[in-house]
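Report on the following structure.
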There are 2 protein chains.
Amino acid sequence: MQTIQSDSYPIFFENSIQELVNFVEQGNYSRCFILTDENTGEYCLPAVQTALAHLDKTDIIEVNAGEESKNIDFCAGIWKMLIDFGADRKALMINVGGGVVTDMGGFVASTYKRGIDFVQVPTSLLAQVDASVGGKTGVDLDGVKNIIGTFTQPKAVFINIDFLQTMPPRQILSGLAEMLKHGLIVDQAYWDSLKTSDLSLPSVDLVHRSVEIKNEVVIEDPHEKGIRKALNLGHTIGHAVETWSLMNNEDHLTHGEAIAIGMICEAWLSNKKIGLPDDELAEITSVLMKLYPKYDLQEDSFGTLLQHMQNDKKNENGNINFTLLTRIGQYSIDNVCTPAEICDSLRYYAAL
Amino acid sequence: MQTIQSDSYPIFFENSIQELVNFVEQGNYSRCFILTDENTGEYCLPAVQTALAHLDKTDIIEVNAGEESKNIDFCAGIWKMLIDFGADRKALMINVGGGVVTDMGGFVASTYKRGIDFVQVPTSLLAQVDASVGGKTGVDLDGVKNIIGTFTQPKAVFINIDFLQTMPPRQILSGLAEMLKHGLIVDQAYWDSLKTSDLSLPSVDLVHRSVEIKNEVVIEDPHEKGIRKALNLGHTIGHAVETWSLMNNEDHLTHGEAIAIGMICEAWLSNKKIGLPDDELAEITSVLMKLYPKYDLQEDSFGTLLQHMQNDKKNENGNINFTLLTRIGQYSIDNVCTPAEICDSLRYYAAL
């Protein structure tokens with residue numbers, strides 16, 4: 001499996017842990033700090049830790065698992081630990097975990113002493129195909145996702161597909177939503193192959209292709225001025241539903257479950273507004289509904305959902321902006337939809 | 001007075017408020033947020049606010065004055081206000097204040113939605129000659145100064161010398177320390193002219209020359225890998241003394257008062273270690289002791305001071321690194337001094 005060369009850093013797929021060891025050995029780092037969470041600590045961390053043990057310069061910083069930890073208070077805790085450990089500008093941060101760890105670890109590293117090096121070791125499918133590529137770091141504030149962050153590239157990404165074997169199926173499905181999105185926006189053949197694959201544990205080829213697509217898009221547009229917006233498919237409505245669920249459901253939606261809902265609603269908007277064919281709307285709806293459980297979307301949440309969409313980073317001048325599809329595999333950016341149209345798309349989902 | 005062109009942005013000295021208005025009018029900003037503190041709000045803000053009033057798109061965010069406010073909690077407060085105001089990526093942050101406001105405002109802007117534009121309107125002499133130029137943003141954490149931040153350039157800097165007329169003399173002296181430093185590191189003639197000027201209110205020419213020096217240094221080395229370290233003269237010891245004073249004295253030292261102490265100690269180290277001539281050490285000591293009140297530096301604080309120095313961003317591998325002088329106007333970077341030497345330099349100051 002070929003290493004993908006991103007803008008300024010490599011993304012490894014083979015012998016990734018050994019590649020990480022090589023990277024640390026060759027870098028002139030004063031010390032390494034592994035950021036991880038409880039869950040990752042149990043399953044994936046030992047492999048990384050053992051491989052790096054002989055270097056004798058690694059400390060572990062563990063945070064609570066879950067999106068609730070991805071906030072400024074946890075960042076302050078990590079920054080304080082770095083101060084206490086005496087981390088200098090030549091320190092390396094190794095983020096071993098899911099998207100919470102890679103996003104937050106990237107932000108902490110990019111702002112500690114005005115920036116130290118960091119690498120990503122994504123252990124969830126979602127982090128492998130999404131969070132670890134593209135240089136977006138960030139944390140949530142006041143219920144707004146990723147509202148605080150920087151654009152900072154890691155020095156390398158190490159993807160180890162074996163880590164997925166310990167993942168609960170629901171978490172695999174969460175990452176899969178992003179892979180399906182990659183197909184929908186630019187690659188119909190990839191969408192077709194995902195549709196017909198056994199997706200309980202995606203193959204390394206499928207993961208590799210997904211990273212390749214995301215990487216191609218972000219290299220062309222690192223700061224999200226144009227084509228990178230293609231990646232927002234499903235996310236305008238999906239993020240709002242995710243935030244709502246995080247605040248209202250004890251067993252809240254995963255990112256992928258929310259994005260799947262977003263993709264169905266936004267496929268409906270695509271059909272109404274820019275001519276996505278009826279049969280493709282039906283196909284997208286049916287594939288996603290088969291993979292993801294139905295969520296009970298209530299009419300009385302629509303007002304709050306619209307408010308979340310208005311707060312979204314992606315929007316300007318109070319308009320709500322969408323990436324839609326003209327066909328499966330063909331995206332269209334900067335489509336403004338009205339609150340009434342958005343509510344109708346939510347009703348389409350609710351009535352399925 | 002000529003506008004200084006920095007790397008990617010202009011630094012205005014004439015008709016600065018009108019230039020700010022022009023800048024805002026020409027920029028396609030959705031909204032402007034003026035960050036300011038209580039003191040600035042009283043004296044300088046009205047001029048800025050009145051000039052921008054006709055655009056009808058300005059909100060004010062006010063923080064408490066003083067270094068104690070320059071922390072992550074205040075950042076969280078400002079980020080939350082930006083969210084509440086519905087600030088989007090096309091928003092502009094206008095930082096009107098001293099170094100606390102320009103450093104913290106720069107950090108908040110550089111991380112809100114992964115970065116919005118900001119401009120600096122420094123109202124203190126210190127902020128005019130130091131904080132507003134160079135692209136360093138940051139806040140303090142756990143008593144460590146500027147430990148969290150980014151390297152992000154403002155879109156423009158507007159220096160209005162008239163703002164200094166309302167400044168207390170002690171604050172003028174605080175900024176003056178940085179100007180004297182600029183002379184010491186690269187320009188003996190400038191040092192000489194400062195020595196012989198009436199410094200109760202420095203002329204616009206003196207301020208302009210200081211900004212010019214700092215700008216030349218940081219353009220050559222934006223990320224502090226080499227020559228920018230010249231600017232650290234007086235700051236390794238000075239920052240430690242400043243932090244100590246902030247934590248132990250109710251009426252704590254100003255930045256400039258602490259840096260003046262640092263420059264005296266580091267001139268002593270320069271004399272002992274790299275041959276700064278005796279008469280130049282005597283001259284530096286006498287000029288600074290005439291301008292700044294003597295601070296009671298106690299032997300029992302030395303341990304804590306050394307610890308602060310070890311935590312300094314500038315240091316690597318546990319060594320304490322200094323920028324020293326071979327002559328007045330000639331700096332030398334990366335001089336490691338031992339704890340014993342550092343304590344001796346503190347004793348030199350204490351015995352004056």
Side-chain angles (χ1 to χ4, degrees), chain A residues 28-31 71-73 75-91 106-108 110-116 134-152 222-225 307-308 310-319 321, chain B residues 28-31 71-73 75-91 106-108 110-116 134-152 222-225 307-308 310-319 321:
Chain A
N28 182 25
Y29 293 107
S30 56
R31 197 140 194 93
N71 61 42
I72 282 291
D73 292 336
C75 291
I78 303 168
W79 284 321
K80 283 179 192 176
M81 288 191 77
L82 290 172
I83 294 173
D84 289 345
F85 277 125
D88 63 26
R89 279 187 176 160
K90 289 257 173 75
F107 178 64
V108 165
S110 73
T111 51
Y112 180 72
K113 301 198 176 192
R114 299 201 184 90
I116 59 173
K136 284 188 179 180
T137 78
V139 295
D140 307 339
L141 185 74
D142 252 11
V144 189
K145 275 182 66 78
N146 299 320
I147 187 84
I148 308 304
T150 61
F151 284 107
T152 314
H223 288 89
E224 203 163 22
K225 307 273 183 201
Q307 227 169 356
H308 288 317
Q310 241 131 15
N311 275 339
D312 197 300
K313 284 184 298 305
K314 296 185 281 292
N315 291 316
E316 287 160 7
N317 303 316
N319 289 327
N321 226 316
Chain B
N28 184 25
Y29 293 108
S30 56
R31 198 141 193 92
N71 61 41
I72 283 290
D73 292 338
C75 291
I78 303 168
W79 284 320
K80 282 179 193 178
M81 288 189 76
L82 290 172
I83 295 173
D84 289 346
F85 277 126
D88 63 28
R89 280 187 174 160
K90 288 258 173 76
F107 177 65
V108 165
S110 73
T111 51
Y112 180 72
K113 301 198 176 190
R114 298 200 184 90
I116 60 172
K136 284 189 180 179
T137 78
V139 295
D140 308 339
L141 186 73
D142 252 11
V144 189
K145 277 181 64 78
N146 299 321
I147 187 82
I148 308 305
T150 61
F151 284 107
T152 313
H223 289 90
E224 204 163 21
K225 308 273 183 202
Q307 228 169 356
H308 288 317
Q310 241 131 16
N311 275 340
D312 197 299
K313 283 184 299 305
K314 296 185 281 291
N315 291 317
E316 286 161 10
N317 303 316
N319 290 326
N321 227 317

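Computed from a predicted structure; not experimentally measured.
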Review point. Side chain, backbone, both or neither: which part of N146(B) has an atom under 4.5 Å from a heavy atom of chain A?
Key: both
Review point. So how far is it from C75(A) SG to I148(B) CD1, rounded to the nearest 0.5 Å?
Key: 9.0 Å
Study note, to complete from the structure: Heavy-atom nearest pair, T150(A) first then R114(B), reads O-CD, 3.4 Å
**Study point:** Distance (rounded to the nearest 0.5 Å) between I147(A) CD1 and Y112(B) OH
**Key:** 4.5 Å
Check your understanding: Checking heavy atoms, do the side chain of T137(B), its backbone, both or neither come under 4.5 Å from chain A?
Key -> backbone
Exercise for review: Using a heavy-atom cutoff of under 4.5 Å, enumerate the residues of residues 82-89 of chain B that contact chain A, numbered in order, or state 'none'.
Suggested key: I83(B), D88(B), R89(B)
Review point. Between T111(A) and F107(B), is any pair of side-chain heavy atoms under 4.5 Å apart?
Key: yes
Exercise for review: Heavy-atom distances under 4.5 Å only: say whether T152(A) touches chain B with side chain, backbone, both or neither.
Suggested key: neither
Review point. In Å, rounded to the nearest 0.5 Å, how long is the span from CH2 of W79(B) to CG of L141(A)?
Key: 7.5 Å
Review point. Can you name the residues that form a side chain to side chain donor-acceptor pair (under 3.5 Å) with N321(B), not counting sequence neighbours?
Key: none
